[in-house]
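Below: one structure, written as structure tokens.
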Amino acid sequence: MAPQYANRFRTPLRDKVQQEKLWEAYLDGKIDQLTSDHSPCTWDLKEKPVFDAFNGIAGAQNNIDLMFDLAVNHKNMPIQQFVNSISYTPAKRFNLLNKGEISINKDADFAILDAEKTYTLKKEDLYNKNRFSPYVGRKIGCKITNTIVRGNEVYNMDRGFTNHPLGKLIESTV
């Protein structure tokens, strides 16, 4: 990719002032979606020169618990606003008719979060292909305890993952 186009595809790290402006926009609802492009790669692809390196970070595993802790626990975002930003609004935006809310005739996809369970993220806890996260060592003030896909439990904090993957490709009509 030519360097002049690189910034169109990569979000640069922000300084503290810009970070606070982004938080303000998110809390005010001007940013109404919180999503993650989970695109893991091996570390060797990250070590290339900046414009040749693989974009992004592996963060989908901790997207919900980390952001719930930051937005709801630390920034006092209403829980319903947070839930809408990670489920309802993205599903609506991408016209995923069976996703985004718990309702009759919708897929029962959801995560159960214990807002009282605190943990520190360790490298060995990562399920990413590259076992790297900028959040390793970070204390997170809540934890996903269960994950349900189309009404079936696929992850349980005490038992781990099931041996029956249920994910399937869905395509947006947008």
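All figures in this text were calculated on a predicted structure; none of them were measured in a lab.
In terms of heavy atoms, Val154 sits closest to Val149 at CG2-CG2, 3.7 Å. Nearest heavy-atom pair across Leu121 and Ser133 is CD2-OG, 4.0 Å. Residues Asp69 and Lys139 come closest through the heavy atom pair OD2-O, 4.1 Å. Minimum interatomic distance between Ala115 and Asn73 (heavy atoms only, all atoms of both residues): O-ND2, 4.5 Å.
Taking CG of Asn152 as the start and OG1 of Thr162 as the end, the distance is 8.5 Å to the nearest 0.5 Å. Atom NZ in Lys16 sits 8.0 Å away from atom CD in Glu20 (nearest 0.5 Å). Expressed to the nearest 0.5 Å, how far OH of Tyr135 lies from CD1 of Ile140 amounts to 9.0 Å. From Ser87, atom OG reaches atom CG of Leu96 across 11.5 Å, with rounding to the nearest 0.5 Å.
Using modelled atom types and a 3.5 Å distance limit, the side chains of Thr145 and Tyr155 yield no donor-acceptor pair. Side-chain contact, Gln19 with Asp15: no donor N or O sits under 3.5 Å from an acceptor N or O. Counted by atom type alone, Asp32 and Tyr26 present zero donor-acceptor pairs between their side chains at under 3.5 Å.
Side-chain contact between Lys99 and Lys106 is absent, with no heavy atoms from C-beta onward closer than 4.5 Å. Residues Gln33 and Ser85 are not in side-chain contact: their nearest non-hydrogen atoms beyond the backbone lie 4.5 Å or more apart. Side chains of Asp65 and Tyr119 form a contact here, defined as non-hydrogen atoms less than 4.5 Å apart.
There is a path of hydrophobic side-chain contacts, each under 4.5 Å, that joins Ile31 to Ile86. In terms of hydrophobic clustering, with Ile, Leu, Val, Met, Phe, Trp and Tyr side chains grouped at heavy-atom distances under 4.5 Å, Phe110 and Leu97 are assigned to different clusters. Taking hydrophobic clusters as Ile, Leu, Val, Met, Phe, Trp and Tyr residues chained together by side-chain heavy-atom distances below 4.5 Å, Leu22 shares a cluster with Met77. Cluster membership check: Ile144 does not share its hydrophobic cluster with Met157, using side-chain heavy-atom separations under 4.5 Å among Ile, Leu, Val, Met, Phe, Trp and Tyr. No path of Ile, Leu, Val, Met, Phe, Trp and Tyr side chains, each step under 4.5 Å between heavy atoms, connects Ile112 with Met67, placing them in separate hydrophobic clusters.
At least one donor-acceptor pair closer than 3.5 Å links the side chain of Thr89 to the backbone N or O of Asn84.
No more than 12 heavy atoms of other residues, nucleotides or ligands shown are found within 6.0 angstrom of OH on Tyr88. By the neighbour-count criterion of 12 heavy atoms within 6.0 Å, atom NZ of Lys92 is sparsely surrounded, having that number or fewer from other residues, nucleotides or ligands. Residue Lys123 places its NZ atom among 12 or fewer non-hydrogen atoms of other residues, nucleotides or ligands, all under 6.0 Å distant. For Glu116, the CD atom sits in a loose shell: 12 or fewer heavy atoms of surrounding residues, nucleotides or ligands are nearer than 6.0 Å.
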**OP:** Carefully, step by step, assess Glu153 and Arg159 under the rule salt bridge (charged side-chain N to carboxylate O under 4.0 Å, His left out).
**Re:** CA-CA 11 Å; Glu153 184 177 66; Arg159 294 186 299 275; 2.7 Å; yes
Original post:
Taking it one step at a time, do Phe161 and Asn156 satisfy side-chain contact (heavy atoms from CB on, under 4.5 Å)?
Top reply: CA-CA 6 Å; Phe161 288 96; Asn156 177 290; over 6 Å; no
**OP:** Test Asp109 against Arg150 for side-chain contact (heavy atoms from CB on, under 4.5 Å), laying out the working first.
**Re:** CA-CA 5 Å; Asp109 296 341; Arg150 290 188 308 283; 3.7 Å; yes
Original post:
Hey, mind stepping through Leu66 and Arg138 against side-chain contact (heavy atoms from CB on, under 4.5 Å) and telling me if it holds?
Top reply: CA-CA 9 Å; Leu66 176 65; Arg138 184 182 189 113; 3.3 Å; yes
